[in-house]
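Notes for the one structure printed next.
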Amino acid sequence: QVQLNESGGGLVQAGGSLRLSCAASGRTFNTHTLGWFRQAPGKERTFVSGIVLSSGAPRYADSVKGRFTISRDNARNTVYLQMNSLKPEDTAVYYCATSNYVVVVPAAEKYEYWGQGTQVTVSS
């Protein structure tokens, strides 16, 4: 079992920034990648970004490229999502999830363990 704990969400004005954190614990030895997904009310859960934990290689959805940056601190088993230039359409619950795939796959069904989510609200 892997436990994931997201934090850092909140309310911010358009153009502002937030940094999300995802701390992992438990049996993480088979975890190779970690992804961030988001889900707005009435919409499907969609891929935002992911990172290969060994190399730090990132992957981003087109909608966040140039605005969001993913990084990891393996010593702390924590992955961060720095979100800049936030837009109202970024409003959603953000989830982190782990996968044993060795590359970042932008598909929720490829991820096994999920956090409880953290709300991000961007006001216009």
Side-chain angles (χ1 to χ4, degrees):
Q1 288 276 351
V2 175
Q3 293 80 42
L4 300 172
N5 184 33
E6 302 105 331
S7 61
L11 172 64
V12 64
Q13 288 187 331
S17 299
L18 285 173
R19 188 176 82 155
L20 305 184
S21 299
C22 176
S25 61
R27 299 171 65 85
T28 61
F29 57 87
N30 203 32
T31 296
H32 296 293
T33 58
L34 189 141
W36 284 97
F37 291 78
R38 65 188 181 188
Q39 188 167 21
K43 296 188 177 181
E44 293 185 351
R45 191 170 297 188
T46 58
F47 174 78
V48 175
S49 181
I51 190 166
V52 179
L53 296 175
S54 57
S55 67
R59 182 170 180 173
Y60 300 96
D62 289 342
S63 58
V64 306
K65 279 181 183 176
R67 300 188 298 122
F68 291 11
T69 303
I70 192 170
S71 61
R72 93 282 192 222
D73 182 340
N74 288 342
R76 290 184 168 85
N77 279 350
T78 300
V79 171
Y80 305 97
L81 185 68
Q82 178 67 43
M83 306 186 297
N84 298 329
S85 302
L86 283 161
K87 304 175 182 180
E89 51 263 43
D90 295 317
T91 295
V93 177
Y94 283 69
Y95 300 88
C96 63
T98 62
S99 172
N100 58 8
Y101 279 71
V102 296
V103 295
V104 175
V105 179
E109 63 268 22
K110 303 302 184 184
Y111 291 76
E112 184 175 11
Y113 296 103
W114 292 78
Q116 80 287 352
T118 185
Q119 176 71 46
V120 171
T121 303
V122 184
S123 63
S124 57

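- A donor-acceptor pair under 3.5 Å is formed between the side chain of Glu6 and the backbone N or O of Gln116.
- In this structure, the separation between OG on Ser55 and NE2 on His32 is 12.0 Å, given to the nearest 0.5 Å.
- Considering only heavy atoms from C-beta on, Met83 comes within 4.5 Å of Val120 through its side chain.
- Remark: the backbone N or O of Thr91 is not paired with any side-chain donor or acceptor of Thr121 at under 3.5 angstrom.
- Residues Leu81 and Phe47 do not share a hydrophobic cluster, clusters being chains of Ile/Leu/Val/Met/Phe/Trp/Tyr side chains in contact below 4.5 Å.
- The aromatic ring centres of Trp36 and Phe68 sit 6.0 Å or more apart.
- With no hydrogens or angles considered, a side-chain donor-acceptor pair links Asn84 and Gln82 at under 3.5 Å.
- Not a single donor-acceptor pair under 3.5 Å links the side chain of Ser21 to the backbone N or O of Tyr80.
- At distances below 3.5 Å, not a single donor-acceptor pair connects side-chain atoms of Asn74 with backbone N or O atoms of Ser54.
- At least one side-chain heavy atom of Val79 sits less than 4.5 Å from a side-chain heavy atom of Leu53.
- In this structure, OG on Ser124 lies 14.0 Å from NZ on Lys87, to the nearest 0.5 angstrom.
- Between Gly8 and Leu18, the closest heavy-atom pair is O-CD2, 3.8 Å.
- A single hydrophobic cluster is seen to contain both Val12 and Val48, as judged by linkage of ILVMFWY side chains at heavy-atom distances under 4.5 Å, directly or through other members.
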*asked:* For Lys65 and Asp62: C-alpha separation, side-chain torsions, deciding distance, then whether salt bridge (charged side-chain N to carboxylate O under 4.0 Å, His left out) applies.
replied: CA-CA 5 Å; Lys65 279 181 183 176; Asp62 289 342; 3.2 Å; yes

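- Placement of Val93 and Trp114 within a single hydrophobic cluster is found when ILVMFWY residues are connected by side-chain heavy-atom separations under 4.5 Å, directly or transitively.
- Minimum heavy-atom separation, Ile70 to Pro58: CG2-CB, 3.6 Å.
- Taking OG1 from Thr78 and CZ from Arg72, the interatomic distance works out to 12.5 Å, rounded to the nearest 0.5 Å.
- Side-chain contact between Val102 and Val52 is absent, with no heavy atoms from C-beta onward closer than 4.5 Å.
- Residue pairs meeting the side-chain hydrogen bond (donor to acceptor under 3.5 Å, both in side chains) criterion with at least one partner in residues 94-113, sequence neighbours excluded, are Arg38-Tyr94.
- Listed here is the closest heavy atom pair of Val104 and Pro106: O-CD, 3.9 Å.
- Taking each heavy atom of Ser17 and Ser85 in turn, the nearest pair found is OG-N, 4.4 Å.
- Leu11 places none of its side-chain heavy atoms less than 4.5 Å from the side chain of Gln119.
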